[in-house]
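Below: the structure, in structure tokens.
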Amino acid sequence: MLRPIVCFAVAVCSMTFLPAYADHHGNHHAHGPHGGTIVILGQGDLHVELSVQSGELVTARILDKKMKPTAIDAASITFTFTEPDGEKEDYKISVANTDETGSVFQRKSDHVVHHVVRDKMSIKVTAGGKELLSETFAYPHGPNGGELIPLGESKYIAELLVQGDVVSVHLLNERKRPARVGSESITLTFTERDGEEEDYEIPVSEKKGKGTSFVLDDDHVVKHIKRDQTTIKLSAGGEMMASKSFKYASK
């Protein structure tokens, strides 16, 4: 009996200290100091903290082994995307800032953001005379940096984002592109710890964009999202669409 017990103990220890970085399935990811997704470069010499914002801005921050911002001598960082048909496409993201606070690479492009949220990718950078390459991985968030919540078997995906006291739900299609629906609100149903359910309506945003978004400034709703099991429900075109119950992965 001793050997199985020892093996089990070793396995538990290994699991305890295994970092949860972005993997090729997109199921496990760690958040960096700015709330972005961590991607390992090479053998862990450096890390990239990757984030997207507002559907058009890609930001890649360089971190060292201790996950602290660090500066490297590089004019750009390369993203290699594998498209649905298997074709690969490279995009360079130019350096925006390099100083004592670290190297930051940025590119404003909704086209590149769409590649980031849709396609498998790898990241490459040359630093210290060495070419460092990440494994292929899938970015786990939506084009606005929010959590992706499928609305049942429908073609729609809800991208849920919490910023301070503001709750935003951006509607996306199956390709993770902004989608439009004729609905005045979307419903968040919270299951509290005692089993009681409570509904909150998030009104449609008056700001016009490529897709439909629902926005509410309410710290009480934010507390529910961060604490309770949540279901998102949308009624549009005579159809009721509902997500599975989920726990929001707050950063």
Side-chain angles (χ1 to χ4, degrees), residues 19-24 26 28-84 87-148 159 161 163-164 168 170 175-178 209-210 249 251:
Y21 299 123
D23 66 11
H24 63 285
H28 305 286
H29 57 277
H31 291 125
H34 299 87
T37 295
I38 295 298
V39 181
I40 301 172
L41 292 176
Q43 299 301 312
D45 308 66
L46 294 174
H47 300 82
V48 171
E49 182 182 5
L50 175 62
S51 61
V52 298
Q53 185 180 1
S54 303
E56 61 178 7
L57 183 64
V58 180
T59 301
R61 294 180 170 87
I62 303 298
L63 308 177
D64 62 16
K65 292 181 179 180
K66 296 182 178 180
M67 310 295 268
K68 301 294 184 182
T70 187
I72 61 173
D73 183 18
S76 64
I77 189 170
T78 301
F79 285 62
T80 299
F81 300 106
T82 303
E83 298 184 339
E87 185 177 350
K88 294 185 182 293
E89 194 166 356
D90 290 347
Y91 283 87
K92 290 188 181 296
I93 310 294
S94 299
V95 68
N97 180 63
T98 296
D99 56 25
E100 65 277 359
T101 63
S103 292
V104 179
F105 300 83
Q106 285 187 324
R107 181 165 175 173
K108 192 173 183 180
S109 168
D110 59 352
H111 182 69
V112 176
V113 166
H114 181 54
H115 274 297
V116 170
V117 302
R118 184 194 67 179
D119 301 332
K120 297 289 182 66
M121 77 191 94
S122 61
I123 298 177
K124 180 174 62 179
V125 67
T126 300
K130 294 194 300 182
E131 186 176 87
L132 303 176
L133 179 67
S134 78
E135 292 186 359
T136 300
F137 68 97
Y139 184 68
H141 303 294
N144 300 284
E147 299 294 323
L148 297 174
E159 182 187 5
L161 185 63
Q163 296 173 302
S168 302
H170 305 282
R175 299 183 67 213
K176 300 178 185 175
R177 290 279 200 184
K210 294 181 179 179
K251 297 176 182 179

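Because only heavy atoms are used, hydrogens play no part in the values below, and waters and symmetry mates are left out as well, while side chains stay in.
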Close side-chain approach of Lys210 to Arg177, heavy-atom, < 4.5 Å = no
Could you tell me if the ring centre of His115 sits under 6.0 Å from that of Tyr91?
-> yes
If you round to the nearest 0.5 Å, how far is CD of Glu147 from NE2 of His141?
-> 5.0 Å
Hey, what do you get for CG (Leu63) to CD1 (Ile38), rounding to the nearest 0.5 Å?
-> 5.0 Å
Among residues two or more places apart or on two chains, list those pairs meeting salt bridge (Lys or Arg N to Asp or Glu O under 4.0 Å) that have a residue in residues 33-51.
-> Asp45-Lys130
Evaluate side chain to side chain contact (heavy atoms under 4.5 Å, CB included) for Ile93 paired with Val112, printing each intermediate quantity in order.
-> CA-CA 10 Å; Ile93 310 294; Val112 176; 4.3 Å; yes
Which atoms form the tightest heavy-atom contact between Lys120 and Thr136, and what is the distance?
-> CB-CG2, 3.8 Å
For Ala127 and Leu46, the nearest pair of non-hydrogen atoms, with its separation, is CB-CD1, 3.9 Å
Side-chain donor-acceptor contact under 3.5 Å, Gln106 with Thr59 | yes
Look only at the side chain of Arg107 and the backbone of Lys92, and say whether a donor-acceptor pair between them is shorter than 3.5 Å.
-> yes
Start with the C-alpha gap between Glu83 and Arg118, add the side-chain angles, then the distance that decides, and say whether side chain to side chain contact (heavy atoms under 4.5 Å, CB included) holds.
-> CA-CA 8 Å; Glu83 298 184 339; Arg118 184 194 67 179; 3.9 Å; yes
CD/Gln43 to NZ/Lys65 distance, rounded to the nearest 0.5 angstrom?
-> 10.0 Å
Check: Val39 main-chain N/O paired with His47 side-chain donor or acceptor under 3.5 Å | no
Flag side-chain contact, heavy atom, 4.5 Å: Val125 against Val48 = no
Is a donor on one side and an acceptor on the other found under 3.5 Å between the side chain of Ser103 and the backbone of Ile72?
-> yes
Atom of Tyr139, atom of Val117 and distance for their closest heavy-atom approach = CD2-CG1, 4.1 Å
Quickly, which of Glu159, Glu56, Gln53 forms a side-chain hydrogen bond (donor to acceptor under 3.5 Å, both in side chains) with Asn144? Name it, please.
-> Glu159
d(Ile77 CD1, Thr126 OG1) to nearest 0.5 Å is 10.0 Å
Close side-chain approach of Ser122 and Thr80, heavy atoms under 4.5 Å | yes
Using a 4.5 Å cut-off on heavy atoms from C-beta on, say whether the side chain of Val58 contacts that of Phe105.
-> no
Does one side chain, of Thr82 or Asp119, offer a donor that lies under 3.5 Å from an acceptor on the other?
-> no
Min side-chain heavy-atom separation Met121-Phe137 under 4.5 Å = yes
